[in-house]
Structure formats: structure tokens, C-alpha cells
Amino acid sequence: MTVKETKKGKTSKAESSSDDDVTLSRKTKKETKKPAPKKEDAKVKKEKEPEEDTMIKWWEEGTQHPGGQHWLTLEHNGVLFPPEYVPHGLPCHYKMEDGKLKEIKMEPDEEEVCTMFAVMREQTRPPSDYYINPIFRKNFFMDWLQILNSNPERNMKRFGSKQHPIRSLEKVNFDRIWEWHLEQKEIKKALTKEQKLQIKKEKDEAEQLYKYCIWDGKKQPVGNFRIEPPGLFRGRGKHPLMGKLKRRVKPEDITINIGPGAKVPEAPAGHKWKEVRTDNMVTWLANWTENVNGQGKYVMLAASSMVKGKSDHKKFENARKLGQMIDSIREKYREGWKSPDVGIQQRSVAMYFIDFLALRCGHEKGEDEAETFGACSLKCEHINLEEERDHVVFDFLGKDSIRYYNKVKVESKVWELLRKFVKGKTPNSDLFDRLIPTHLNSYLKELMPGLSAKVFRTYNASWTLDKEFFDDPVSDSISLPEKLVYFNAANTKVAILCNHQKSVGKGFQKAMTVLEDRLKMLKNLYSRLEDVKELSKKHKNNWQAKVDEQWEKDEHEQQQAWLEQYGTEEEKTAYKEKRAGKKPSKPKTTTATTTTKSSSSKPKEPEKKKSDPKPKTKREKKQMESDSDSDIPLAKKKKASKSAKGDDSGSDVPKKKSKKTKLEKRKAFESSEEDEPMKKKSKK
DNA sequence: GAGATTGACTCAGAAAAGTGTTA
DNA sequence: TTAACACTTTTCTGAGTCAATCT
């Protein structure tokens with residue numbers, strides 16, 4: 001089998017993102033969109049401008065520069081810096097030895113870093129549960145503390161001691177800053193449409209200068225021309241450096257790469273670039289070294305640019321070439337299993353994994369990186385041969401600390417070799433102790449020029465998608481949504497092969513609860529309607545009265561049960577009073593919708609009497625109905641945090657409220673979601 | 001029935017984390 | 001063999017959009 005033939009010629013955006021099936025699906029969605037509405041038109045128009053410039057048929061041109069040079073002329077306007085920090089001037093509070101809360105005013109440098117952390121309070125769920133993550137907290141605090149103690153004289157003046165009074169993160173209360181953050185969000189949210197448009201317009205205008213460059217005389221879109229703003233490093237998985245301060249990048253950190261004779265972009269007033277160079281052997285326009293991992297960051301062209309298109313094109317051509325040779329390559333690694341050389345055996349089994357399971361190559365990782373693995377770096381503990389013969393269970397963390405768990409049937413010889421490789425080794429030993437990625441890639445180059453481990457992934461992802469389309473061709477007669485379903489199904493196969501996963505969103509659990517509740521409620525309603533049906537059959541003459549009576553009885557029983565378990569005294573009284581003068585409600589199917597909306601299968605709360613203080617807004621009303629730390633709207637959270645202010649523990653870590661709130665009642669009713677680890681779901 | 005509100009969904013861009021080559 | 005460098009791959013995040021629902 002070969003990589004899809006249609007890939008010849010213009011590489012579509014979808015294809016150009018390698019084995020990235022996500023991009024592939026996005027492309028389809030775009031293509032299958034209905035005739036664009038007004039706003040879409042504007043969007044299309046907006047995008048058209050650069051597209052015209054990039055619609056050069058570079059794949060038909062032989063514009064390859066000699067000696068691996070990427071360009072001959074290059075002009076650009078440099079990079080866009082994030083705005084300077086604007087201090088809010090709010091203090092934090094610190095629980096002193098005597099238990100009293102001391103207000104700590106901060107200098108802008110201290111406040112900026114403090115605020116980075118303080119505003120993360122709501123991010124207490126996977127995958128962004130940084131705020132409560134001990135590693136994150138420790139790293140943040142170490143870096144913050146360094147700033148707090150960076151100026152002993154300043155501290156002496158302010159606190160009468162060279163050392164800053166803040167010594168422990170657990171004793172710091174960030175409530176004021178958190179409230180300010182919520183207010184800012186509300187203010188932003190409350191902006192009118194016009195104001196929002198104006199802000200966007202101004203932003204676009206400021207960016208215009210940096211969006212394009214002139215590459216060999218052609219206008220090309222630049223990708224990440226914005227310099228990454230300072231923040232706390234959000235390492236994934238168990239990254240040991242998560243929470244560390246990512247410093248503000250200054251012009252003095254940046255190297256500009258520009259064509260000979262081109263106008264060098266001016267550094268911001270009062271600053272200068274680290275270096276200005278002309279290097280056409282690389283494609284980046286600017287670079288700097290990020291302080292947390294010490295890695296280089298590059299400003300490069302956008303994915304839609306000519307140079308990236310060419311690169312993608314080359315990649316898929318490579319995969320296609322592999323498709324033509326795959327049989328002989330597979331034969332070679334199978335022969336390798338029989339080699340007397342353990343090194344060759346290991347290499348051949350690793351190749352089998354890379355090909356058969358689409359595993360990544362797996363380079364060695366440093367101590368300051370999250371422990372993740374790939375084919376070459378697998379440890380003995382990552383495979384389990386205890387299962388039935390020829391079956392292997394893989395269980396390890398791959399790129400981005402995404403778990404790879406797979407029980408597969410492998411070829412007998414592979415199973416035997418694996419048993420041999422693990423024999424006498426500790427669980428933490430390298431499975432392939434005689435193999436390093438460089439050697440593997442060198443060998444692959446011998447088999448086919450341009451072949452490396454990752455080409456297998458591109459090839460197999462393409463092949464899988466191709467096979468899906470080939471085995472079950474899409475019918476012309478099906479509708480557009482059906483075509484989308486068809487495509488997504490094929491795409492899912494690729495996602496599974498490549499172990500592409502996405503953590504569930506914040507609202508997933510809540511949405512599921514709502515759906516489950518709705519289902520429960522509908523089932524309950526259905527069963528009651530069945531009863532009514534029976535009743536009406538039984539009492540043919542006075543069925544209406546009987547049905548009313550039965551319905552009222554059911555409603556009352558359910559209401560009573562709910563009040564008994566969760567209701568307050570006021571609610572019980574209100575219900576009693578209401579019932580005293582109430583007529584039986586009729587069984588109406590619309591009741592279902594109303595109850596559903598309140599996202600509960602439980603009986604409705606007693607209706608508010610006319611004299612009851614009515615919530616003015618929907619938000620207020622909702623707040624009365626439910627009050628969840630995780631899903632409450634911001635305004636409610638603000639109130640929640642205000643109430644938490646009285647907590648003299650000093651710590652700002654969200655805690656369960658002492659008073660039993662409706663949320664807790666509801667949580668008691670539903671299953672708790674906080675303690676349950678968030679499951680990952682397949683991307684599609 | 002109109003306007004407001006809400007929440008789900010989509011998408012693009014940001015940025016982290018890989019791979020592979022070279023000195 | 002290793003580290004640096006350059007580039008790709010992949011996930012996360014926030015803004016915008018739209019439809020359902022509420023007032």
C-alpha cells in the first residue's frame with residue numbers, strides 16, 4: 001500500500017500537518033461549511049489577502065537554492081513584545097506567628113509574579129490543576145521568594161528586616177488579588193460589542209506590521225511573531241520545573257536574523273537587540289533562549305507559508321517513498337529478529353514497535369524534564385509479558401505525559417525476544433539497552449535516504465486513513481453531516497493509532513451529569529405516564545379526576561422526599577403553605593423541560609411565593625439554585641471567595657465551606673466529581 | 001415575540017514537548 | 001558521545017459564534 005496518491009501536487013493544509021489528524025479534521029469542517037454567513041465572509045476576506053501572496057505554485061517550481069540555503073533575501077519588522085506589567089497595587093495577606101493576618105503591600109516586581117499565581121485559583125482541575133499541584137507551588141514559591149528577598153535594603157525599610165516576612169506559601173492569602181481578577185474579567189465581559197470591536201481593531205493594527213515578511217521577494221505570513229509573555233511555566237505531566245517563573249523577554253535577549261542589506265527592525269526605545277545576524281541556512285527570523293528549560297525559542301513563518309508547505313510536502317513525499325519500500329523494510333527487521341547480535345535484535349524489535357504500534361522514537365530525557373518514553377527508551381516495567389502468550393501489555397507515559405496503554409498480540413518471535421530482553425533486568429532497566437535513537441536513525445537512512453523513525457508515523461497515519469476510505473468509500477448520495485460523521489470515524493482510527501488524546505474539558509463532568517439527570521428524569525416521567533395510562537384504562541368514567549389525584553400524589557411524595565433530605569426549614573414551611581392552597585397540577589409533558597432545565601431529576605424545589613424576594617437577574621437566581629466551586633459563574637465565585645475571606649487559616653487554597661450549601665446538598669445527591677480522576681477521552 | 005443570557009462548541013494561536021542533525 | 005540547535009508535533013487555552021432557553 002502507498003500513501004494516498006492525491007497527496008501529489010498541492011499539499012493541502014490538512015495533509016501538511018503530518019500525522020496530525022486534528023488539523024485534518026479541522027480542514028474538513030471548514031470545507032464542509034455551509035455557505036458562509038456575513039461574518040464568515042469577512043473572515044474569508046481577511047484571510048484572502050495573504051493567501052493571494054502564498055498561492056504561488058511552489059511545488060511546481062524548482063526554486064531550490066544551492067547548498068541548502070533557505071532564502072537569498074529576507075525582510076521583516078522584528079517581533080511584537082507583550083505589554084508592560086501594570087500594577088494593581090493590591091496587597092496580599094500573611095498569617096503571622098501570632099495567628100493574625102498582616103497586610104503585605106508589594107512592589108511591582110513582587111506583585112507581578114504574585115498575581116501570576118493568585119489568578120490561577122480556579123485552575124484546580126486536570127489538566128490545569130497547577131494551583132494545587134505541590135511541584136508547581138514549590139517552584140513558584142521558590143522563584144517568588146527570590147524576588148521578595150532580592151532587595152534586602154528595600155525589605156529593611158519596609159519591614160525592619162532584610163528578609164521578607166513571607167516565608168511560607170501556605171500562609172499567604174491572595175483573596176484581594178483574586179477578587180480583583182474576577183472584577184477585571186467581569187469588566188472585560190461587560191464591554192459593549194462596539195468596545196470589543198474597537199479593542200480588536202487596535203490590536204490588529206498593532207500586529208499588522210509583524211504579520212508578514214518578504215522572503216525572496218514574496219510576502220509570507222509569519223507565525224509566532226508575538227514574544228511569549230512572562231508567566232509561570234506550565235509543564236505537563238510531572239514536569240519538575242512546572243511553576244517556575246518564565247521571565248519577561250527583553251530585546252537584549254533576542255537575536256534578529258535578517259537578509260543582507262535589509263533594514264534592521266528597530267528595538268524598542270532605550271533597548272537594543274542581543275545580536276543581528278544574516279544566516280540563510282536557517283528559517284527563523286528571531287530567536288531567544290527561554291530561562292526555565294534553557295531551550296531556544298524561534299520566530300518562524302506560519303504553517304500556511306511557502307517554506308512550511310515545502311517542508312510538509314517533502315515529509316509526505318518521504319512517507320510515500322517509505323510506502324514503496326515498506327515490504328522490504330519489514331522483511332529486513334523480521335530477519336533482524338533472527339540475528340545472533342542482540343543489538344540488531346533490539347533494533348529490529350524497536351523498529352517493529354515503531355512501525356506496528358506507531359510509537360515515537362523516544363530520546364533520552366534529562367533530569368529536569370518529565371519522565372516520558374518512546375520505543376527506544378522503554379523500560380522493562382513498561383511492558384508486561386505475564387499475559388497469555390504472544391500478548392504484550394504496554395503501559396507508559398509518552399509525549400506530553402499522555403499514557404500509552406495497549407494490550408496487543410505481537411508476533412511469536414517478538415514475544416520471545418522481549419522475554420529475553422527483560423530477563424535478569426530490574427523493572428527500571430532499559431528494555432533496549434543496546435540501542436540509541438541516533439544509531440537507529442542512521443540505520444534507517446541506510447535502508448532509505450531520508451528515512452527516520454518519525455516517517456513511519458506519518459506513513460502509518462496516512463495509510464490508516466487511506467485504508468478507511470478505500471475499504472468503505474463515501475457515497476455521493478449521503479448528506480454533508482453524514483459525510484462529516486464518515487470522515488470523523490476514519491479520523492478516529494488514526495487518532496487511536498497515534499494515541500492522540502485530549503483531556504476532558506472543564507464542563508465535561510457537569511454536562512454529563514446534566515445529561516444523566518435528564519435521562520433519569522425522562523425515564524421517571526415515562527414510567528409515571530405509563531401509570532397514568534393504566535389508570536385511565538381502569539377508570540374509564542372518571543379517569544381525569546383519578547389521574548389528577550395520582551399525579552398530585554406522586555409529585556407530593558417526590559417533593560417530600562427531596563425536602564426531607566435536602567430542604568431547609570424555610571423551604572419546608574413554604575411548601576406546606578403553598579400546598580395548603582394549591583390545586584393539583586396536571587400531568588403536562590412540558591414539566592419535563594422545566595425540570596430538566598434545572599438540571600435535576602429530583603423533584604422541583606418548592607416554588608417561590610409571590611412575597612419571596614425574587615432574584616433580580618438570572619445569574620442571581622441561578623446562584624440560589626446551585627453553588628458549585630467548579631462550575632459557578634465568576635460573579636458567584638467572587639461571593640464565595642468573599643465569604644472565604646473570613647477564614648483565618650491564612651491559606652488561600654479552596655476549602656470546603658463549613659456551612660452546608662446547596663452545592664453540597666446537590667453534590668451529596670449526585671456523585672462527587674472532585675475526587676474522581678479526570679478520564680481522558682479520545683480526541684474525536 | 002423580542003431581546004438577553006447562557007452554555008456548548010469550534011477554532012486559531014500559544015506554547016510545551018517532541019525529533020533529528022550537526023559540530 | 002553529547003549538547004546545541006533547528007524544526008515539527010501535539011496539547012492546551014481563550015475568544016468568538018451560535019442556538020437554546022429564559023425573561
Side-chain angles (χ1 to χ4, degrees), chain A residues 16-23 25-27 29-30 33 37 39-40 43 47 70 123 126-128 185 188-189 193 196-197 200 223-229 231 233-237 239 241-242 246 279 281-284 287 289-290 292-298 300-304 307-308 311-312 315 360-366 369-370 372-374 376 398-402 436-442 444-445 450-455 457-458 461 495 498-503 505-508 510-511 514 593-594 596-597 599 614-619 621-622 631 633 680 683:
Chain A
S16 69
S17 259
S18 84
D19 52 54
D20 178 358
D21 59 303
V22 185
T23 326
S25 68
R26 279 182 192 158
K27 170 82 178 178
K29 274 168 208 162
K30 261 190 181 171
K33 248 180 188 166
K39 273 171 194 168
E40 284 294 308
K43 206 177 169 188
E47 280 170 356
H70 290 289
Q123 295 172 358
S128 320
K185 278 178 93 171
K188 208 174 158 190
K189 214 170 139 189
K193 212 176 174 184
K196 281 179 187 166
L197 273 174
K200 196 173 180 292
N224 53 332
F225 52 84
R226 291 175 204 86
I227 294 297
E228 291 176 17
F233 177 66
R234 293 168 175 232
R236 297 175 191 159
H239 200 295
L241 301 178
M242 65 162 70
K246 233 174 66 171
D279 183 356
M281 300 302 283
V282 296
T283 65
W284 52 266
N287 96 335
T289 304
E290 162 258 354
V292 176
N293 293 292
Q295 280 174 343
K297 295 272 184 174
Y298 299 86
M300 290 182 183
L301 296 199
S304 55
V307 66
K308 293 288 179 190
S311 167
D312 272 350
K315 179 180 69 191
R360 293 187 184 85
C361 187
H363 287 67
E364 281 299 310
K365 305 281 300 275
E369 293 172 285
T372 61
F373 306 87
C376 294
K399 183 180 177 179
D400 293 308
S401 299
I402 302 282
I436 58 168
T438 318
H439 289 171
L440 173 66
N441 280 327
S442 307
L444 293 175
K445 296 245 158 4
L451 184 62
S452 64
K454 72 173 196 157
V455 182
R457 231 170 120 81
T458 311
C498 294
N499 196 39
H500 284 165
Q501 291 181 45
K502 193 171 133 189
S503 45
K506 279 175 194 167
F508 177 75
K510 194 182 153 199
V514 169
T593 338
T594 327
T596 306
K597 194 54 202 167
S599 77
K614 261 198 168 179
K616 288 180 196 84
T617 62
K618 194 177 175 187
R619 179 168 291 184
K621 190 186 171 194
K622 269 210 128 183
D631 13 331
K680 300 257 180 180
K683 206 177 247 173

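Chain identifiers are assigned alphabetically (A, B, ...) following the order of the sequence lines, protein sequences preceding nucleic acid strands; residue numbering begins at 1 within each chain.
Residue-to-nucleotide proximity on DNA chain C shows that, of A/Gly296 and A/Ile436, the 5′-proximal contact is made by A/Ile436. Toward the 5' end of DNA chain C, the nearer of the two residues A/Asp279 and A/Lys188, judged by each one's closest nucleotide, is A/Asp279.
Side-chain nitrogen and oxygen atoms of A/Ser311 include none within less than 4.0 Å of the OP1 or OP2 phosphate oxygen of C/dC7. Side-chain nitrogen and oxygen atoms of A/His70 include none within less than 4.0 Å of the OP1 or OP2 phosphate oxygen of C/dA6. Here A/Lys315 does not reach the OP1 or OP2 of C/dC7: none of its side-chain N or O atoms lies under 4.0 Å away.
When distances are taken from the side chain of A/His439 to each of C/dT1, C/dA15, C/dC7, the shortest belongs to C/dT1.
One interatomic measurement links the two molecules: CH2 of A/Trp284 to C1' of C/dT8, which rounds to 18 Å at whole-angstrom precision. When rounded to the nearest whole Å, the span between NZ of A/Lys196 and P of C/dA15 equals 10 Å. In this structure, A/Tyr298 atom OH and C/dA6 atom P are separated by 4 Å, rounded to whole Å. Computed from coordinates, the A/Glu290 CD to C/dA4 C1' distance equals 15 Å when rounded to whole Å. For the pair A/Lys297 NZ and B/dA16 C1', the interatomic distance rounds to 6 Å; values are reported in whole Å. Between A/Leu241 atom CG and B/dA15 atom C1' there is a gap of 15 Å when expressed in whole angstrom units. Protein atom CG of A/Asn224 is 13 Å distant from nucleotide atom C1' of B/dA12, rounded to whole Å. For the pair A/Lys200 NZ and C/dG14 P, the computed distance is 18 Å after rounding to whole Å.
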Given protein heavy atoms under 4.0 Å, the one-letter contact record of nucleotides 17-22 of chain B, with B base, S sugar-phosphate only and - none, is simply BSSBS-
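Residues forming a salt bridge (charged side-chain N to carboxylate O under 4.0 Å, His left out) with A/Glu369 (at least two apart in sequence, or on another chain): none. With sequence neighbours excluded, no residue forms a side chain to side chain donor-acceptor pair (under 3.5 Å) with A/Asn287. With sequence neighbours left out, A/Asn499 forms a side chain to side chain donor-acceptor pair (under 3.5 Å) with A/Gln501. Listed by chain and residue number, nothing satisfies the salt bridge (charged side-chain N to carboxylate O under 4.0 Å, His left out) test with A/Lys399 (two or more places apart in sequence, or in another chain). Residues passing the side chain to side chain donor-acceptor pair (under 3.5 Å) test with A/Lys445: none are found, sequence neighbours excluded.
Distance alone, capped at 3.5 Å, is enough to place a donor-acceptor pair between the A/Ser442 side chain and the A/Thr438 backbone. The backbone N or O of A/Ala370 lies less than 3.5 Å from a partner atom in the side chain of A/Lys365, making a donor-acceptor pair.
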